[in-house]
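The analysis underlying the following values was restricted to heavy atoms, covering all of them including side chains, and did not include hydrogens, waters or symmetry mates. Everything quoted here is computed from the prediction, not taken from an experiment.
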Amino acid sequence: MPDARVFAAYLRIDERLRTPVLEKISPDSMTVETAWNQITFLDGTVSEIIHHVKRGRWHYHDRYTGVWDSETNELIPMKWPMGDQYFDIPLFLSKGDKLRYPFYELQRFGYSAREIFENGLPQDKGWYPVAGSGKESIWIELFPGKVLEIPRKFLFAGDKKKELCNMCTQLISPGDMVMLSETKGSVSQLTMLLLENIRFGIRSVFGNGTVYLPVQRKEPGGVVLGGGFWSLTLPAAEEDYWEEGMLVGIDKDNMIQKYEEGQELIAGDVLFVYYDTDNHLSAKGMPHVRVSLAYEDLWNDAGWLREYLWDRRFARNNIFRDGIPMVIKRIVRDENGIKCFVAYPQPSSRKLEGGTEVCCNILGEKVCGQDCQGVILRAGGYMFLVEGNGILPGLSSQARSVVIRELSARGDSFWMRKSDTGWKPGLEDSYETTQVRVEMLFSVSEAEGILCMDCETLRPLWLPVKQACRALGAGIDHVYYVLCADSAHRLKATILEDGTISLLSAQNNLMNYYITQSGKQYRVIPRVLVKRDVDGTYVYLGRVYPYGDIIYLMSESQLDLKAGEPIPVDIVRKEEERIIAVPSGTQRRRINVSLWVAAAGRLCYVNNKMNFDKIEEYIPQRFNDYLEAVKKASQDSMDGLMDLPKASVSADLVYLYCLLTNPNMPKERKPMIYAAVNHCLKDWLGGPGVMLASGFDETICESQIEEFDFLPVVTVILLLNRINTNERSCKMLAVHMTRMLGLLCATSLHQEYLVSKWLLKKETKGMWNRLAGISFGGETADGLPNQYFDRTLTSRQWQQIVTTCQGLQTRRNCPSDLKLTADCLLYAVGADADYSDLYQNRELLCARMAAFGRGLTPGAGHKIAVEKLDNVSMKLMKNTFHRLVQKGCCPITLITDNVFPIGETEKLWAVDLCRSIAGSGTYKPKPFKA
């Protein structure tokens, strides 16, 4: 129509005042100052709105157009702008010079989604304000004056780009923000719009009346209204006066004004209702107005919410305590003033048919006292209640509460779908699978896990820390850091039976784990320092390159984390829950000797040579205590006394056995001695006894004794055969203890030989001098002595021992005892050696006891070989005892950190028998310190 009047203008920004200006070009040219809340649907500060305006661009299909001049009845040609600058794009004004169009005018001023499909978004993965919504579509504002209708069938979500044809678009309101991105398949396909995220505002509760909200705080270029989960930021000039707690009203034209007391309220207005100090419901900023909840039939299907708000007993922990918007349903004015009956404006559930999909976020748990009655979710203005285990399965109630509080504070959104049985997490999937691809959202230290999102169905999934890495004991924050550094937040995982997910059970991880071998070389990227051990070792978390398991990486020197490059490593320990690696060439080897022997080797190694003259100084004091106990028993027997040495329970047992077997001790004193024997035996059996009976099983014993001497065990066996209390049980236990002693001796032969024939012999002449140059005590990688590394060897130490000992074996003129010493050292460091001669060496007490113990191996189906030790066996044990207490005897400590061939049934039987005899033992083993 040539005479139609078109209101068009350019949008300008006054850079000094930061205010919008409309430069009208039709029907008349003029400049009009306006306000931001009339220009855009974006609720935010002035800076946020200006950024939204300046990123705007528009594509024109034609290069020329025309403007009809009604006075001359002529068409005046015009050239369209390029559309890449917002101030060159003509905009069409609604009545009142507004670009914030009423919903009924969106069809007139809006555009189709074709503009995006053909020309793209101003910003990919950008946030865009919603201008309105209908049953089948949403309207978004690309920038002020350019509003587009996007039907839901053109929106997609997830990695599979699932069509959101079942999304309830009517729950999305003006002011909500949607994140959109664009992707393209084949050349023939149109651009696909991905709905990445939604941030819900407060306008879903707005109606046709005035909305009264308190001022929460003032921000640069804006003011924040409301509170709690219901906040609204509006643009405001710096000179505008806003006071915290002030009440303002927002009308249907988005105009804001301060509330004055006495201002008339009408049905349809919205109040911000909260619990006052007396836990009564009140309206913010309106102390003269009484508030009561409207009848239940006015709450649609939010009766549960009315019940939750009504119960004042739990008001203190109510998640809406700080405020919730309520619409006035009825007003009563009487002599007591004004009373408003309010209800939450819950949308009708008739919009939510089966199969409906909604994007929502968590508000919190509905807790009444100690009872959690579900989790409250919000999709726009629609709030609903879901069972906690239905959203985050596999967590304890305490851990789930922590995660839900974090989710509520962050406001992350996810998808829910309505089924015949209720609400289910995630978009509908055409097929079920246990293999998923997830995106990490955030870690929760208190719950020890990571919240993830299924990239296809967009449902939340929980990743426990123990299923995220093969580094048992690592903190979740460290694990999360490593995963973020290497995986771009996306991971392959397997859904477990309890609903949680596991990275370790993912097919690719399982395959890599099965082919990983200890002792092999791999490449690992060190990522984060976890701690530094007392021995100076740096403990890192690293990622097997590329994109493998997270494992422990231990290094005696500091590694460069900034480089982010893989380094060669050796796997030294492989378990399902823990893999430990060290930089290649730095692997430590275990030397199979007792702690005091290793400590003596370290302390005697001076100036690159063993100083054997000092070896006696480093023999533990307890061996001298045993000998002193024997002397004291001999003297006390002559005097008819019993005075325990009290150096240790082991020394006390040696002392008591010597008293009992000394013929000079008066017989009338024996009952008193037996009473002391019973007491000390109980203490010993309750500690070291249980360990020996179980074969040093860590799952049974709460603590381990690193130093286990030969003499106390022999003494206990002899005493068990002498006491009359529980005689049968004690004799059976003695048989089992003797067998276990034989097993211990079989693994300690080499140490007895090394101590007696090398360290204490102090031979340094001839070829023996070569052994004096080796170091087997604790050393750092730099060769400095360090007690924390006792019983481990650096690669240099290990190589030195192996090379020296193998060289001696090849010498024809090498003495036999030196060659056997070399064999013992090779056996101790785990190198191949022929040490069978040791078992035939009857000079070694361990060899004789090992042979005797093998003879007590029980037959199939039996727990012990014999009921009790016979006289020949007892004679052997007595002779062994006397040899051990002779002056100058080799101090023998048995090595306990080996695997012993004892059946589970036999083990449990022996432990129960030992504990039944011990009763409540009070012995607490003290760790040996060199």
Side-chain angles (χ1 to χ4, degrees), residues 41-43 100-110 112-113 127-141 147-157 162-180 193-209 211 229-230 232 252 254 268 270 298-302 305 325-327 343-361 363 376-386 413-419 422-424 426-428 458:
F41 287 93
L42 175 62
D43 291 327
R100 186 182 175 95
Y101 309 121
F103 180 74
Y104 62 84
E105 287 192 328
L106 290 179
Q107 289 288 350
R108 177 185 176 192
F109 289 101
S112 73
W127 287 96
Y128 298 92
V130 173
S133 64
K135 186 176 181 181
E136 300 289 339
S137 62
I138 61 173
W139 294 81
I140 67 164
E141 181 184 84
V147 178
L148 278 67
E149 182 182 21
I150 305 179
R152 62 183 181 181
K153 64 181 180 181
F154 292 150
L155 289 172
F156 302 85
K162 183 185 180 301
E163 186 178 334
L164 297 177
C165 54
N166 294 323
M167 179 177 69
C168 183
T169 54
Q170 291 170 283
L171 298 181
I172 302 176
S173 305
D176 294 346
M177 300 292 289
V178 294
M179 178 186 282
L180 299 176
L193 277 182
L194 293 181
L195 181 57
E196 301 275 1
N197 204 347
I198 301 179
R199 285 202 306 244
F200 295 110
I202 191 177
R203 294 184 183 271
S204 57
V205 300
F206 285 23
N208 294 323
V211 180
F229 305 113
W230 313 91
L232 172 67
K252 62 181 180 180
N254 206 37
V270 175
L298 298 175
W299 287 69
N300 287 333
D301 61 342
L305 178 58
M326 299 273 209
V327 64
Y344 177 77
Q346 176 91 324
S348 173
S349 60
R350 287 177 293 181
K351 301 175 182 178
L352 306 173
E353 302 172 349
T356 297
E357 296 166 335
V358 298
C359 186
C360 56
N361 51 43
L363 300 186
I376 302 175
L377 282 76
R378 175 191 172 204
Y382 185 79
M383 289 196 290
F384 55 105
L385 201 60
V386 177
S413 61
F414 54 91
W415 288 83
M416 299 284 290
R417 68 181 185 277
K418 194 172 186 181
S419 67
W423 288 98
K424 304 292 183 184
L427 297 170
E428 187 176 2
L458 302 180

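L363 has its side chain out of reach of L377: every pair of non-hydrogen atoms, C-beta onward, lies at least 4.5 Å apart. Using a 4.5 Å heavy-atom cutoff, the side chains of Q107 and E149 are in contact. Side-chain contact between C360 and R378: absent, with no pair of heavy atoms (C-beta onward) separated by less than 4.5 Å. Contact annotation: the side chain of F154 never approaches that of L193 to less than 4.5 Å [non-hydrogen atoms, C-beta and beyond]. Proximity of R108 to Y101: side-chain heavy atoms (C-beta onward) are nowhere separated by under 4.5 Å. Side chains of R417 and N166 form no contact here, defined as non-hydrogen atoms less than 4.5 Å apart. Under the 4.5 Å side-chain criterion, counting only non-hydrogen atoms from C-beta, V211 is not in contact with V205.
The backbone N or O of G134 sits less than 3.5 Å from a side-chain atom of T169, completing a donor-acceptor pair. No side-chain donor-acceptor contact under 3.5 Å links Q346 to the backbone of A302. With R203 contributing its side chain and G175 its backbone, the two residues share no donor-acceptor pair below 3.5 Å.
Taken from CG in L180 to CD1 in I140, the straight-line distance is 5.0 Å, to the nearest 0.5 Å. The distance from atom CG of L305 to atom CZ of F384, rounded to the nearest 0.5 Å, is 13.5 Å. Going from atom CZ of F156 over to atom SG of C165 covers 9.0 Å, rounded to the nearest 0.5 Å. The distance from the CG atom of D176 to the CD1 atom of I202 is 11.0 Å, given to the nearest 0.5 Å. Between the CZ atom in F206 and the CG atom in N254 there is a gap of 8.0 Å [rounded to 0.5 Å]. One finds the OG atom of S133 at 12.5 Å from the CD1 atom of I150 (value rounded to the nearest 0.5 Å).
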Check the pair Y128 / L148 against side chain to side chain contact (heavy atoms under 4.5 Å, CB included), numbers first and verdict last.
-> CA-CA 11 Å; Y128 298 92; L148 278 67; over 6 Å; no

Check against side chain to side chain contact (heavy atoms under 4.5 Å, CB included), L171 and F200 | CA-CA 10 Å; L171 298 181; F200 295 110; 5.8 Å; no

Would you check, one step at a time, whether the test side chain to side chain contact (heavy atoms under 4.5 Å, CB included) holds for M177 with D43?
-> CA-CA 9 Å; M177 300 292 289; D43 291 327; over 6 Å; no

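Here the closest non-hydrogen pair linking T356 and C168 is CG2-CB, 3.6 Å. Closest approach of P174 to A131, counting heavy atoms only: CG-O, 3.6 Å. Nearest heavy-atom pair, P325 versus V270, reported as atom, atom and distance to 0.1 Å: CB-CG1, 3.8 Å. Here the shortest heavy-atom pairing between Y382 and Y344 reads N-OH, 4.5 Å. Minimum interatomic distance between G380 and S204 (heavy atoms only, all atoms of both residues): C-OG, 3.6 Å. When all heavy atoms of L352 and W423 are compared, the closest pair comes out as CD1-CZ2, 4.1 Å.
At a threshold of 4.0 Å, the pair K162-E357 counts as salt-bridged, since one of the basic side-chain nitrogens sits closer than that to a carboxylate oxygen. Using a 4.0 Å cut-off between a side-chain N of Lys or Arg and a carboxylate O of Asp or Glu, E136 and R152 qualify as a salt bridge.
Side-chain contact, N197 with S413: a donor N or O sits under 3.5 Å from an acceptor N or O.
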